[in-house]
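Below is one structure, written out as structure tokens; comments come after it.
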Amino acid sequence: MKVLVINCGSSSLKFKLYDLPADDTATLMAEGLVEEIGREKSKFSYRDSRSPEKIVGDVVAKDHTQAVAAMKDMLLDAEHGLFKEKIEVDACGHRVVHGRELFSNSALVTPAVRAAIEECIGIAPLHNPPNLAGIAACEKIFPGLPQVAVFDTAFHQTMPPHVYTYGLPQDQLDRNHVRKYGFHGTSHEYVARRCAELMKKDFAQLKMITCHLGNGSSITAVKHGQSFDTSMGLTPLEGLLMGTRTGDMDPAVVLYIMDKDKLSPQEMNTLLNSRSGVKGVSGVSNDMRQVIDKAKEGHARAQLALDMFDYRLVKYIGSYVAAMGGCDAIVFTGGIGENCVPLRARVLTPLQFIGVELDPERNSSSAKEKVITRDGSRVSAWVVPTNEELMIARKTKAIIEQGHSLVR
Ligand code: ADP
């Protein structure tokens, strides 16, 4: 089965085309990006499996429909395209950020599913609209092709009520659908499953902690193959210190700052989501590499941001070990988790007491997928590069094969 995976942001469209034969293998056939959608001229890049060469250029993409049309043109381009006359794909799989409690699985897009995704816009006003625009654009450009929605929140729907409920009055919880939902679910599930494969153990028997550390960061306790707890909440703001987001904080801070500085909800939202975190604390950047470089030069605020980043991670890992009553494996992924050797050492060294025995040589080896603890370590630690697009492709295939959608 060939699946076109689409990830639409407000001004970008990323796509990957996978061939997924019956034997569980997967081949990436083509990938590309349309950026700066909505401007006079948008940028595209495209590459397919026949040549490593990346093709870049300008396209007209005033909206997502024109961006999908540009993607189709690239795939059919006489000189560089993968297909000759017709795009031979079996389905599109779309990343959809928020599915609230309405989706515990991926779903074939029907009018009812579309309406349910629209219902989640209240909680995800920035993310769900471009995701829906991508779905509508693909329906228009590829009429009749099945469209599947794959939700960032779905994997976390297995969290029990005492984990996902906030300590608010019942009517607030019910009326406004306020609770912990969690994000990066596709990534956490992918790396946890892949790690279980690498461990040659049954996913359903393991207690794992997956750390997705990128510009946005979250950590998940995966107990017996299911998400048991995760650090992000109603929105991606809760939890770890992130590139530009605060993570955990006394909620009264928000009221206090809004009152003191007379900020509107929108201004406060920008402060919390875009001006805080590693960038806000360090005053340097949201880019971890730049902050690390500054800290090496003796920049005190950069060092403080790094110390806060590490500390919260250690604290979350410790709390998840307690919450699950143990842990078999800790998995690192995302730009920071996959590439930052010293960060992994700094986080795992204080966790020796739970049975993590770091192997410095393994930690600094150039392998992409690797175990980084010693043989015999009671808790093993791993690096597993995430592949959300492949997971979306596989989930899309599963839905098409099942031939049904799940809406509660
Ligand atoms: P996003 O959440 O936007 O997908 P990524 O997962 O690509 O982000 O992660 C981006 C982050 O990874 C940046 O802060 C970048 O500095 C960091 N990063 C990438 N390589 C390294 C490295 N070798 N050491 C430390 N941080 C790194």
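Sequence positions, counted from 1, serve as the residue numbers for this chain. Whatever order the structure lists them in is the order used to number ligands and atoms, beginning at 1.
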Distances under 3.5 Å, N/O of ligand 1 against N/O of the protein: list each pair and its distance.
residue	atom	partner	partner atom	Å
ligand 1	2 (O)	Asn215	N	2.9
ligand 1	6 (O)	Gly335	N	2.8
ligand 1	8 (O)	Asn215	N	3.3
ligand 1	12 (O)	Ile336	N	3.4
ligand 1	14 (O)	Met288	N	2.9
ligand 1	16 (O)	Asp287	OD1	2.6
ligand 1	16 (O)	Met288	N	3.1
ligand 1	16 (O)	Arg289	N	3.1
ligand 1	16 (O)	Arg289	NE	3.3
ligand 1	23 (N)	Asn339	O	3.4

Ser319 meets the side-chain contact (heavy atoms from CB on, under 4.5 Å) criterion, sequence neighbours left out, with Tyr316

So salt bridge (Lys or Arg N to Asp or Glu O under 4.0 Å) across residues 376-388, not counting sequence neighbours, yields none

Hits for salt bridge (Lys or Arg N to Asp or Glu O under 4.0 Å) against Lys180, two or more places apart or cross-chain, chain-then-number order -> Glu238

Next item on the list: Report yes or no: do Thr386 and Ser187 form a side-chain donor-acceptor pair below 3.5 Å?
Entry: yes

| field | Ring centroid separation Phe183 to His98 under 6.0 Å | value | yes

| query | So is Arg179 actually on top of Tyr164's ring, under 6.0 Å and inside 45° of the axis? | reply | yes

